[in-house]
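Okay, structure first, notes after.
Sequence lines set the chain letters: A, B, ... in the order given, protein chains first and strands last, and positions in each chain run from 1.
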Number of protein chains: 6
Amino acid sequence: MTPLKERIAKNGHVLNFYLTIPSPFLAEIVAHAGYDAVTLDMQHGLIGYDAALSILTALATVDVVPMVRTPALDPALVMKLLDTGVLGITCANVDDAQQAAALVRACRYPPVGDRSFGPVRAALLHDDYVARESDLLTVFAMIESAAGLANVDSIAAIPGIDGIYIGPYDLAMSMGLPPGPGGTFDPRVDAAVEHILQRTLAAGLIAGMLAPDGKRAAQLVQRGFQFVTISNDVRAMQATLAGWLEDFAAA
Amino acid sequence: MTPLKERIAKNGHVLNFYLTIPSPFLAEIVAHAGYDAVTLDMQHGLIGYDAALSILTALATVDVVPMVRTPALDPALVMKLLDTGVLGITCANVDDAQQAAALVRACRYPPVGDRSFGPVRAALLHDDYVARESDLLTVFAMIESAAGLANVDSIAAIPGIDGIYIGPYDLAMSMGLPPGPGGTFDPRVDAAVEHILQRTLAAGLIAGMLAPDGKRAAQLVQRGFQFVTISNDVRAMQATLAGWLEDFAAA
Amino acid sequence: MTPLKERIAKNGHVLNFYLTIPSPFLAEIVAHAGYDAVTLDMQHGLIGYDAALSILTALATVDVVPMVRTPALDPALVMKLLDTGVLGITCANVDDAQQAAALVRACRYPPVGDRSFGPVRAALLHDDYVARESDLLTVFAMIESAAGLANVDSIAAIPGIDGIYIGPYDLAMSMGLPPGPGGTFDPRVDAAVEHILQRTLAAGLIAGMLAPDGKRAAQLVQRGFQFVTISNDVRAMQATLAGWLEDFAAA
Amino acid sequence: MTPLKERIAKNGHVLNFYLTIPSPFLAEIVAHAGYDAVTLDMQHGLIGYDAALSILTALATVDVVPMVRTPALDPALVMKLLDTGVLGITCANVDDAQQAAALVRACRYPPVGDRSFGPVRAALLHDDYVARESDLLTVFAMIESAAGLANVDSIAAIPGIDGIYIGPYDLAMSMGLPPGPGGTFDPRVDAAVEHILQRTLAAGLIAGMLAPDGKRAAQLVQRGFQFVTISNDVRAMQATLAGWLEDFAAA
Amino acid sequence: MTPLKERIAKNGHVLNFYLTIPSPFLAEIVAHAGYDAVTLDMQHGLIGYDAALSILTALATVDVVPMVRTPALDPALVMKLLDTGVLGITCANVDDAQQAAALVRACRYPPVGDRSFGPVRAALLHDDYVARESDLLTVFAMIESAAGLANVDSIAAIPGIDGIYIGPYDLAMSMGLPPGPGGTFDPRVDAAVEHILQRTLAAGLIAGMLAPDGKRAAQLVQRGFQFVTISNDVRAMQATLAGWLEDFAAA
Amino acid sequence: MTPLKERIAKNGHVLNFYLTIPSPFLAEIVAHAGYDAVTLDMQHGLIGYDAALSILTALATVDVVPMVRTPALDPALVMKLLDTGVLGITCANVDDAQQAAALVRACRYPPVGDRSFGPVRAALLHDDYVARESDLLTVFAMIESAAGLANVDSIAAIPGIDGIYIGPYDLAMSMGLPPGPGGTFDPRVDAAVEHILQRTLAAGLIAGMLAPDGKRAAQLVQRGFQFVTISNDVRAMQATLAGWLEDFAAA
């Protein structure tokens, strides 16, 4: 397994994909598709812990980075996922430096953090897991609120935070704009995204965000993002399903 | 799917049923039985998130309102359940207005609340889900402690709380009475229930409570309750199982 | 675990219950209800092998006889179920002595039969399982066709067949009557049932049949049946669900 | 639920989709996509009975015809699937009239067939299920061998067979051509397909076949096919996954 | 089911085993092996709630105490596990008396604690469950930090805490030593363990700790521990797997 | 993935391990332990198809040969397992050349066999799967009856049979000896085993058998067996569990 930070160091950027459907075989298909990382979305996706385990097993069949987006800063859940072999954590809604520090503490063993010892599956999969943990693991704080936007520099300054992942949908709502695409594509949101991106890069961290398709993913990379998620499984499936019906109707 | 509030507006009351057994097919049988709502009891029931998903799928086969009782005021869990398509939340043990307000924040998008955006399955099932969310969703705060009893008016005054659901078993213990039916059927508990009922109705909210069978459910409706749960799956199953054995022995 | 044959020897009859819902906790509730045997209906029920295993685990928590109705005379499936710890087999649709003999061969080790050796879970649960297998296990051939009716004596004469279980629904259709209750309660079916019952008793075997409720189960026992199934989980659940709604409406 | 035959009568053709991934939520997404029927591929797909049940539950949330392709002419499995609520059977590899007749016997109650009585979930979902079974259910015999090709007329003549589904991959191999696309697109295979199509239409039955995408599905309909499957879930997922990577690389 | 405290009163000590693999049949094998208690490790093990339920079902087949180690002081999870029938709670990382008191409150009904009423499965399995709850249940606070070490006396003084379970791995890291065996077997850790052991015994509570094998488990008992865990399922499995390969290579 | 035949060509022998517990994580632990092949025992093990899929996913995380022992010569099941990515089939109870030929037909595409085309997961995991299928796949016929013993030469002569796997337990019973170790270790059985071994080697095929531990596995290799199974998961687990209790008692 090539860790995420090593991939970025080599290629300048990586592509990620979101899973929201709890299906090991679907995860295996995604894992073989050529993306660098696959993130289980445990926030908005339909994946609880027991399902996550079966999906992580499927991802381990390929050299792809297994990541999780956690719905909250829940140290017990973060530690349990790390013990299960997750190598990337994207924590939703980190609003300030204190929360960022708490996130790092949950991810790292003492003296950096206070992760409890017991890497049951992680150590099975990776030789020298404990010694190599900081290289293997990548930690993203999501900035997706006006508060997080205001605190981007202090969040990015926390040692152990490897990257900032921007959530433009929640950020837009937090800025008083309506939910959904309407508010999210407002120029004020784009300006905020650009600000977070530049401060993240200035801090020497990885900047990440979601793109709805491959073309716009490339635009994000050109703009400076090194960690780009191309949509998710539901939208990927619906894209082909709808396309085939359109082609059928048009023929 | 006819939302709960629309059903109550039309019929004056609705009947609910509790699921505690994690079984999609059992849920499908219940969904076809003619109750208005089916609530997954994630507090005392044997249902975790991954099982809940399979049960919610089964409930979606019929026009019945899918609800969940959450074991605590856990915004991450509440949001995740809403994204999965749950249309009613009964939150255990709301003791004061602050907790009631936190419950509403978890359930509603900004500017009313701070729910995160990503209604993966909810939007698949319901056209215009985001626009219609406040109509589709019903939020109950459970009052089941002496503190909640004292704060009933301020809890009921929180905008976004649609109803108060009374938990007489915990309320009785909180009032110093013994656990189980012994304490719960004490007249002091009944007086407290009546007080909560009247204050809830005075606030223009829905009043809800559990009845052990159909006859007593009718009594609750006659008393003013609009949302009445008739027992649960374990007791329904045991009632017939025991009845058949008695009939066998008596024959 | 008290075997079925020992229970019949002691009490003259036993009560059985059919599971069609694949739910371990529901099975556990049924197991505690006081029936002697619980049969997983793998013919019409919604239970495949992997679900059956989880249900059999739940049944092992109580002293109740775990049985399976198999959808066909499939020796591989029968042997696998026995290795999993099933202690009663009801094989659907046994039409003649050859099929009855094949059923026994699947159930018994050489020299009586040709069951393959490997009682993985059965031996975990029962000391001396291999030596006691013929005492622990009860084998029912279902007679539910005109052919089976004609061959009842030769079927009952096969050593190793412990009982005859009558299937009046299929028997009725096989006799040219319409499917469902209409045909099944025709007097010609009842006469055929009586004939099978008497020939079974004459052969010294256990006679079994389904009753829709406890009262009619008692009538079957009075008529001579020693193994009586009282309905199933779906009907038990629906009975209470409908009864509560009726009581609610009548109140 | 609008049955398949009723849909064809109304629109002249229907679109079907194959599921091979055992995932209820994926099935739910597919069910909402606008296809008329969704077929669980229990032959080449990764779906056993217990998984099939969970998928059929998901399909019941939408007005779409739930079908199964069975890996063999296995009456016990066919009957069990029908009891679970499946409304279309596509039986792999029917080589002659005898097999076609056996398929019909497994699907229909006496006097037409010898299906056993016990429609546990089918009757829950459909009022008057037993009376309406022949309207609700559609039975396809797959012709996918040189023998089947030779016997197309006698297979199509069996009362109760509603349609012929052509399997060009196996047919090609059976005709001595290499496995995979190479042999399958040989003109000799196409001629055989055309022959089966014409004989099926001449017999007044539904002709069905797989198309790799929407455009070619339209061509099959123009050619006379009334039941056209547009690929499957694995290929749909891979199409978008690969397309996004290509768009990314090209940008 | 003989409760843990009754076993210790009778034999002076009990043996426990950790499950980290989510497998009901594996749990059943362990339950039959002769240990007094089996603890589901929900902290480092790969077991979420839905999996835990299936394992608890398997443990109920034998007279063995079903316990859970919870990853955090999460009252909602603790109460839900107790309702599911868990009879022992080992709560990770209890640092002071306040946390110990909160743990007890989650485990006991009023007036001792504030556990919510609804012992769905617990009452199914145990007659008089509510009345006997304090006898049936055993509560361990884990001390595994420098803070917990400093507060051992005040933690042990909380009524309702039945025992102290020492976590030497985390304790070592908390004392500034490196993670893993290296730090854990440092003499300073051993001195801290001895201190906690003596204070626990002085308080009249049960002292518990993990041993890597049977021989060292005996040493812990000789040292005064009454509750000793002998390793876990992963290590048990790996021990034999590696031993057989070594024996093969050596032969 | 290094195929079994390539491993034997290189090392002279391979070690196999039987899984009977349906647990993906247990399978992953076994896969990392250093054995060449892991066989899912679908005959006596507690593994149905849906569970098998999850285990095969876990095995794909390591370079180990995933195999299945099938309970019978069931072409539909064999083909489905191969499509799922199984690379070794051990078919129970092959009694004569006709059965051996039927087994090969189920495993190979035309013109060698009549396997149906659709390697859904196998082709995902292996480039050029169809072209390389005969190299990737290993087919064992089990000889475990007096009939099979008599027909060893004609069975071994069937092209496509790669090896003979001896089942001494069933063979002993078939020879009139009692079930279990008593009969199996009779010298007459050993003589029969030796005969099958020598005829298998004379035919240039792989000879396989079970050993109860590593030492006796080495003896089998010295005797000429190239494919040796060292016991199974239940016995491996029980060995350590019992050993630790013995060490505890002895200390």
Side-chain angles (χ1 to χ4, degrees), chain B residues 18-24 40-55 69-74 76-78 91-93 95 142 144-148 167-184 189 210 231-235 237-238 241, chain E residues 22 24 40 42 46-58 60 66 68 70-86 102 105-134 136-137:
Chain B
Y18 270 141
L19 291 179
T20 69
I21 302 174
S23 163
L40 284 65
D41 184 359
M42 294 185 72
Q43 182 181 25
H44 298 297
L46 284 70
I47 302 175
Y49 175 80
D50 292 309
L53 172 58
S54 69
I55 298 171
R69 172 158 71 172
T70 61
L73 179 40
D74 176 343
L77 177 62
V78 168
C91 180
N93 211 41
D95 281 346
M142 282 194 77
E144 46 184 342
S145 70
Y169 282 81
D170 283 3
L171 181 57
M173 294 194 298
S174 173
M175 292 167 71
L177 296 159
T184 305
V189 177
L210 177 77
S231 198
N232 67 26
D233 46 12
V234 173
R235 293 193 182 281
M237 195 71 198
Q238 289 176 327
L241 284 166
Chain E
L40 285 64
M42 294 186 71
L46 283 71
I47 301 174
Y49 175 79
D50 292 309
L53 172 58
S54 69
I55 298 171
L56 291 169
T57 304
V68 169
T70 61
L73 179 40
D74 176 343
L77 176 62
V78 168
M79 291 185 200
K80 188 166 182 163
L81 289 167
L82 296 179
D83 287 345
T84 307
V86 166
R105 278 201 305 277
C107 293
R108 296 278 156 81
Y109 290 116
V112 177
D114 52 21
R115 181 177 168 193
S116 179
F117 190 79
V120 174
R121 185 170 174 267
L124 181 76
L125 266 64
H126 304 285
D127 293 336
D128 289 323
Y129 172 77
V130 174
R132 296 168 56 213
E133 194 231 359
S134 67
L136 288 170
L137 181 63

**Message:** Can you classify the ring geometry of Y109(E) versus F117(E) as parallel (below 30°), tilted (30 to 60°) or perpendicular (above 60°)?
**Reply:** tilted
**Message:** If I take atom CG from residue L46(B) and atom CD1 from residue I21(B), how far apart are they, to the nearest 0.5 angstrom?
**Reply:** 8.5 Å
**Region of L177(B) that comes under 4.5 Å of a non-hydrogen atom in chain E** = neither
**Prompt:** Could you walk me through whether L56(E) and R121(E) pass the side-chain contact (heavy atoms from CB on, under 4.5 Å) check?
**Reply:** CA-CA 10 Å; L56(E) 291 169; R121(E) 185 170 174 267; 4.1 Å; yes
**Item:** Closest heavy-atom pair and its distance - H44(B), V120(E)
**Value:** O-CG2, 3.4 Å
**Prompt:** So which of T20(B), D50(B), I47(B) has the largest heavy-atom pair count under 4.5 angstrom toward chain E?
**Reply:** I47(B)
**Request:** Please flag which part of P22(B) lies under 4.5 Å from any non-hydrogen atom of chain E: side chain, backbone, both or neither.
**Result:** side chain
**Message:** Which atoms of L124(E) are under 4.5 Å from chain B, going by heavy atoms: the side chain, the backbone, both sets, or neither?
**Reply:** side chain
